[in-house]
Amino acid sequence: MRKKMLCAAAVATLWGGSAFAVTTDGFEIPYVGGAYSYEFPDSQRDSDDGQGFQVNFGWPLSDYGYSRWAAELTFHSLGRERDIDGRKDYQSGLMLDLVYDLGQQGLGGDYMVKPFVLGGLGVVQDDVRGDKHEHFGINLGGGLLFPLNWHGMAARLEARVLGQDNDKSVAGEDILIDYRVSLGLQIPLTPLFAPSGETSMPAQACELAVVDPVTGRSDCGTDSDRDGVLDGLDECPLTPEGTAVNARGCPVDVGNDEDADGVPNDADACPGTQQGLRVDARGCAIPQNIVLRGVNFENDSARLTVEAKRLLDDSATTLKNQANLKALVAGHTDSNGAEAYNQALSQERAQSVRQYLISKGVEGSRLTAEGFGETQPLASNDDAAGRASNRRVEFRLITD
């Protein structure tokens, strides 16, 4: 029976497919981790519970089109006291795992948590009474990642079930199953890798930062017309969004600038940029999050409206003119209806946007669709205006 359970676990692990990193938002880059481990060994072993450590190295697979997955290499080492004489047996293992991020959840206030599941294959070495032997191993598990809001670090709590085809450690047993709980710290490798995308603009040094609910920009004041000039300094308030302005917030004559991104045509390396996107000095879009206002759907469905398709035509032009630009299409809903239904609807709507952009000539490998349901509201769901704000599609743009 235990051998059948182990084989079933192997099938489930291999079937799970491809993978993303459990990381702090904005730090979707390779990471390392270290943890204390406590083991509940197979009841057939002649030993007490084990204690040791675990280290891991993770690599997000978002650049390969798998936005919720990561590959991890995990090493663990622990010791157990034998019941018969009080001396120690040891175990170490090296596993290659796939880790799936289940999405960030709120815990109340500013506290967030990311549940995840994992599974993988590897090699396990048991040292029983000085006799070392290696065996094929499978581990399955899951856990919680708690972002610490400090340089992308996070606390990580996880539990694993480790099974091995081992007929040498315990007489008469050919399958052993051990259980391990670990608690430690996960650290992104920011000295070696730049964060893959922006979730918001860096907050300035001020006592109270104001965060724009649409763009995610954080400033020491408000910017009502979103032209980059704070209201207290803006001499031309309510400038139409996307208009090029000077340091006083007033429109400037930038010559012949067909896409109105502030860069004249003769200097624009990325013509046809969709209005409202932030661009660099060459006129090319930079990594950012943008809410696609006006991209709406027919009631209670994933069918795009005619106006939505017109706006997405501009998005397709931007993506085709900037080959190094990739986009995560994020779908969101309000809280009306069942949570599971909203999750499925947001995924269908994000996928609908992705498919429309592909139909307009954007390579599918540059687009990822993901639904977040009602889990990431911009405003309160207690009134109609807030719910309308929460029903949205976002682009999370990154560059190669």
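Nothing here was measured: the structure is a model prediction, and the numbers come from that model.
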*asked:* Please report the interatomic distance CH2(Trp59) to CD1(Ile29), rounded to the nearest 0.5 Å.
replied: 10.0 Å

*Where Lys320 and Lys360 come nearest, the two heavy atoms and their spacing*: NZ-O, 2.9 Å

*When you check the side-chain N and O atoms of Asp313 and Tyr356, is any donor under 3.5 Å from an acceptor?*
yes

_Quick check: do Asp334 and Pro377 have side-chain heavy atoms less than 4.5 Å from each other?_
no

*Return yes if a side-chain donor-acceptor contact under 3.5 Å exists between Asn139 and Arg160, otherwise no.*
yes

*Rounded distance (nearest 0.5 Å) linking atom CD of Glu81 with atom CG of Asp46*: 12.0 Å

*Each residue besides Leu96 in its hydrophobic cluster should be listed here, by chain and number; the cluster joins Ile, Leu, Val, Met, Phe, Trp and Tyr at side-chain heavy-atom distances under 4.5 Å.*
Phe53, Val55, Leu73, Phe75, Leu94

_Any non-hydrogen side-chain atom of Leu189 less than 4.5 Å from a side-chain atom of Val32?_
yes

*Counterpart residues, ring pair (Phe, Tyr, Trp, His ring centres under 6.0 Å), relative to Phe372 (two or more places apart)*: His332

*Trp150 and Ile187: same hydrophobic cluster, using ILVMFWY side-chain contacts below 4.5 Å?*
yes

*For the pair Glu363 and Arg354, evaluate salt bridge (Lys or Arg N to Asp or Glu O under 4.0 Å) and give the outcome as yes or no after the intermediate values.*
CA-CA 10 Å; Glu363 299 92 336; Arg354 178 179 183 270; over 6 Å; no

_Closest approach of Gly331 to Ser346 (non-hydrogen atoms, all atoms of both residues)_ = O-CB, 3.5 Å

*Apply side-chain contact (heavy atoms from CB on, under 4.5 Å) to the pair Phe136 and Leu121, showing each step before the final yes or no.*
CA-CA 8 Å; Phe136 168 75; Leu121 312 175; 4.1 Å; yes

_Path from Leu176 to Val128 over hydrophobic side-chain contacts below 4.5 Å_ = no

*For the student: nearest non-hydrogen atoms of Thr24 and Leu145, plus distance*: N-CD2, 4.2 Å

_Passing option when Gln125 is tested against His135, Glu134, His133 for side chain to side chain contact (heavy atoms under 4.5 Å, CB included)_ = Glu134

*Would you find more than 12 non-hydrogen atoms of other residues, nucleotides or ligands less than 6.0 Å from Glu339 atom CD?*
no

_Let me confirm one number: the CD-CG distance from Glu307 to Asn296, rounded to the nearest 0.5 Å._
8.5 Å

*Say whether Gln91 and His76, considering side chains only, have a donor N or O and an acceptor N or O under 3.5 Å apart.*
yes

*Over all atoms of both residues, closest heavy-atom pair of Glu298 and Leu304*: OE2-O, 4.5 Å

*Group every Ile, Leu, Val, Met, Phe, Trp and Tyr by side-chain heavy-atom contacts under 4.5 Å, then state whether Leu292 and Leu328 land in the same group.*
no

_Keeping Gln347 on the side-chain end and Gly371 on the backbone end, is there a donor-acceptor pair under 3.5 Å?_
yes

_Asp126, Asp83, Asp89 screened by salt bridge (Lys or Arg N to Asp or Glu O under 4.0 Å) with Arg45, the one that passes_ = Asp126

*Is any side-chain heavy atom of Thr74 less than 4.5 Å from a side-chain heavy atom of Phe57?*
no

*If we only count heavy atoms from C-beta on, is the Val329 to Thr368 side-chain gap below 4.5 Å?*
no

*Classify the ring geometry between Tyr36 and Tyr38 as parallel (under 30°), tilted (30 to 60°) or perpendicular (over 60°).*
tilted

*In Å and rounded to the nearest 0.5 Å, what is the CZ to CG distance from Phe146 to Leu183?*
9.0 Å

*Say whether Phe297 and Leu357 are linked into one hydrophobic cluster, either directly or through other cluster members, by side-chain heavy-atom distances under 4.5 angstrom.*
yes

*Is there a donor-acceptor contact under 3.5 Å from the side chain of Asn321 to the main chain of Pro271?*
yes

_Leu397 and side chain to side chain contact (heavy atoms under 4.5 Å, CB included): which single residue from Lys326, Gln288, Arg278, Gln322 fits?_
Gln288

_Flag, side chain of Asp42 to backbone of Ile177, donor-acceptor distance under 3.5 Å_ = yes

*Checking salt bridge (Lys or Arg N to Asp or Glu O under 4.0 Å) for the pair Arg80/Asp48: CA distance, chi angles, key distance, verdict?*
CA-CA 6 Å; Arg80 321 178 187 94; Asp48 292 337; over 6 Å; no

_Validation row: Leu312, Val295 side chains within 4.5 angstrom (heavy atoms)_ = yes

_Looking at every heavy atom in both Gly122 and Met95, which two are closest together, and how far apart are they?_
N-CE, 3.4 Å

_Would you compute the distance between atom CD1 of Ile175 and atom CG of Asp167 and round it to the nearest 0.5 angstrom?_
9.0 Å

*Could you tell me whether a side-chain N or O of Asp85 sits under 3.5 Å from a main-chain N or O of Arg87, the two making a donor and an acceptor?*
yes

_Whether the Thr399 and Asn324 side chains hold a donor-acceptor pair (N or O, under 3.5 Å, no angle test) is what I'd like checked._
no

_Polar side chain donor-acceptor pair, Gln343 to Glu374, under 3.5 angstrom_ = no

*asked:* Among residues at least two apart in sequence or on other chains, which ones pass side chain to side chain contact (heavy atoms under 4.5 Å, CB included) with Val117?
replied: Tyr100, Leu102

*asked:* What I'd like to find out is whether the side chain of Arg156 reaches to under 4.5 Å of the side chain of Phe116, using heavy atoms alone.
replied: yes

*Say whether Leu78 and Leu157 are linked into one hydrophobic cluster, either directly or through other cluster members, by side-chain heavy-atom distances under 4.5 angstrom.*
no

*Can you check side-chain contact (heavy atoms from CB on, under 4.5 Å) on Arg282 and Asp280, steps first, answer last?*
CA-CA 5 Å; Arg282 300 169 55 248; Asp280 57 21; 3.5 Å; yes

*With a 4.5 Å heavy-atom cut-off, do Thr190 and His151 have their side chains touching?*
no

*Determine the minimum heavy-atom distance between Gln274 and Ser315, stating which atoms define it.*
OE1-OG, 2.6 Å

*Does a donor on one side chain sit under 3.5 Å from an acceptor on the other, for Tyr341 and Asn336?*
no

*CG-CD distance between Asp97 and Glu158, expressed to the nearest 0.5 angstrom*: 8.5 Å

*Regarding Ser37 and Ser182, is there a side-chain donor-to-acceptor distance under 3.5 Å anywhere?*
yes

*Are Asp174 and Asn166 close enough that a side-chain donor and a side-chain acceptor fall under 3.5 Å?*
no

*Decide yes or no for Lys309 and Val306: does some side-chain heavy atom of the first lie under 4.5 Å from some side-chain heavy atom of the second?*
no

_Residue pair Leu325, Thr318: steps toward the side-chain contact (heavy atoms from CB on, under 4.5 Å) verdict_ = CA-CA 9 Å; Leu325 201 61; Thr318 298; 4.2 Å; yes

